[in-house]
2 protein chains.
Amino acid sequence: MPDRPSSARAAARGVTVSLDVVLFTARGSELAVLLTPAAPSRTRGAGRDRWALPSDAPRADESLDDAAERIARDAFGSAPSMLEQSGAIGGGRRHNEGPRVTIAYFGLVPEGTASTKRGASWFAMSELPPLSQRQRESVDAAVAAMRARVDQQPIAFRLLPAAFTLSELQAIYELLLGRRLHKASFRRSLHASALVEATDEWRSEGRGRPAQLFRFAPPRRRRQRRGIRFDLLG
Amino acid sequence: MPDRPSSARAAARGVTVSLDVVLFTARGSELAVLLTPAAPSRTRGAGRDRWALPSDAPRADESLDDAAERIARDAFGSAPSMLEQSGAIGGGRRHNEGPRVTIAYFGLVPEGTASTKRGASWFAMSELPPLSQRQRESVDAAVAAMRARVDQQPIAFRLLPAAFTLSELQAIYELLLGRRLHKASFRRSLHASALVEATDEWRSEGRGRPAQLFRFAPPRRRRQRRGIRFDLLG
DNA sequence: TGACTTATTATCATTTTGATACTAATTCGC
DNA sequence: GCGAATTAGTATCAAAATGATAATAAGTCA
């Protein structure tokens, strides 16, 4: 096949494209994922897969990002605080249904935000019910993409309500990174970055001294980066 | 529409899916992209778009990653040193052809590697010929994805041949990051990370002292990360 | 009131970074 | 052959960032 460079000419018709939306929220010291009740055993294999990711095909005249937001809204009730694509999975014929491509998105919802629609509910990552192979891949891709973007996007802030304490913020980072952080250093570099601004409110939560509430302050000017972090590589 | 959670049920048929592969190499102090001669004005608008990204639709029973590698091989002649997905673009009806989804990949080719097939040729990023809107988006997505992964993947090393000098490596990083780096610090942290191992070869290149050649040494154990880099955020 | 808990800040030693300058090994012009 | 120019690689040192530890603040609970 010496001469088929044009994508328009070479492209095949009839691929099934669907979007999986993986909504995350923080739940204690773990991430949780929003699942919706699966349609009653439409696929082969009766009672399996009672839960599924919010998912749908993009409609005509709807961008992928718009479709993802619609799917997220349908499942959760309102728009997530962040919604990004984690990647496309698939190709190859499966389930004797022709080639399928799934585009996975991940979204973030502030901790403690209640309302979910249509019987959807949150499952901690360690207690996910069985999902289809493809949806399991979507979840894995979403987790990987989110983790990879933790220090390029304000992921942690989007998992918190508008006002939060610094201990809460640190807990989110510890959850995302899977390791403990040093409190004094955390606050020092946080304040140096001017990413948070103090409110004049304080929250008393059980015992102990009340904590001051902060809000996220989107960076006005990106600060000058320092050297290379070879230690992150690999 | 209160009840369409299953992706299989809701998915629509007939979406056109194609893959764009953006192959990068280093060229002087700039990135270059591999383009192939476009099919003679199949689309509306006569003489435009004489060059195009390597692109094709995935074949049946071929995964997306496999398709991307095939497309890269077809255009470049051999497999790139790294090939990753940068994301899916599209949805929405365009060109009165029904909805189209393009999945963009980026690939890396060591600097100075010659052979390209079928009249493909390298264009510096600053001198890209006009491309279709969609392919332009693929290039932008590829650049963004590659830059975002510079310190999580050995991107810089994949743009160099197996043996390289530390000055060459630094030049690649400077190209990727768009800023000058401090020589002593660069080498210090590089050696501390044990990401390179010295060979016993030296290369004398024009004037000046010959440089020792190094090779990439994939990290055996990820080193303990330090605090959060809030300054990268935003 | 006093023990306990959590928040916040201070102090200080250690580590990492960036600036500068120094040494090493080669080519080029003469 | 010799010195200037050029590039590679190191050393030194001050400044900045980090981590450990502890001190202080402000509440709850018994």
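Naming convention: chains lettered A, B, ... in sequence-line order (proteins, then strands); numbering from 1 in each chain. Since the structure is predicted, the reported quantities are computational estimates derived from the model, not experimental observations.
Separating the CD1 atom of A:I228 from the C1' atom of C:dT16 is a distance of 15 Å, rounded to the nearest angstrom. As rounded to whole Å, 19 Å separates atom P of C:dT16 from atom CG of B:L181. A:L190 has its CG atom 15 Å from the P atom of C:dA7, to the nearest Å. Rounded to whole Å, atom C1' of D:dT28 lies 17 Å from atom CH2 of A:W202. We find that CZ of B:R180 is positioned 16 Å from C1' of C:dT20, with the value rounded to whole Å. For the pair B:H191 NE2 and D:dA8 P, the interatomic distance rounds to 14 Å; values are reported in whole Å. The CG atom of A:D231 sits 13 Å away from the C1' atom of C:dT15 (whole-angstrom rounding). One interatomic measurement links the two molecules: CZ of B:F164 to P of D:dG9, which rounds to 12 Å at whole-angstrom precision.
Contact detail for A:Q85 and A:F106: the closest heavy-atom pair is O-CE2, 4.4 Å. The minimum heavy-atom distance between A:R203 and A:A163, with the atom names listed, is NH2-O, 3.8 Å. Looking at every heavy atom in both residues, A:S81 comes nearest to A:P110 through OG-CD, 4.0 Å. A:E69 approaches A:A79 most closely through the heavy-atom pair OE2-CB, 4.0 Å.
A donor-acceptor pair under 3.5 Å is formed between the side chain of B:Q135 and the backbone N or O of B:L53. The closest donor-acceptor contact from the side chain of A:S63 to the backbone of B:G90 lies at 3.5 Å or more, if one exists at all.
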Between protein and nucleic acid, restricted to nucleotides 19-21 of chain D and to nitrogen or oxygen atoms under 3.5 Å apart, what atom pairs and distances do you find?
residue, atom, partner, partner atom, Å
D:dG19, N7, A:S185, OG, 3.4
D:dG19, N7, A:R188, NH2, 2.7
D:dG19, O6, A:R188, NH1, 3.0
D:dA20, N7, A:H182, NE2, 2.9

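Shown for residues 205-213 of chain B: residues whose heavy atoms fall under 4.0 angstrom of DNA chain D, namely B:R207, B:G208, B:R209, B:P210, B:A211, B:Q212.
In summary, the side chains of A:S193 and B:D231 do not present any donor paired with an acceptor at a separation below 3.5 Å, with no hydrogens or angles considered.
When the nucleotides C:dT17, D:dG27, D:dT10 are ranked by their closest atom to the side chain of B:K183, D:dT10 comes out on top.
Within the 4.0 angstrom heavy-atom criterion, only backbone atoms of the sugar-phosphate kind lie near A:S167; the bases stay farther away.
The aromatic rings of A:F230 and B:Y173 sit perpendicular to each other, their planes meeting at more than 60°, with 30° as the lower class boundary. Note on ring orientation: taking the six-membered ring where Trp is involved, the planes of B:H191 and B:F214 are tilted (angle from 30° to 60°).
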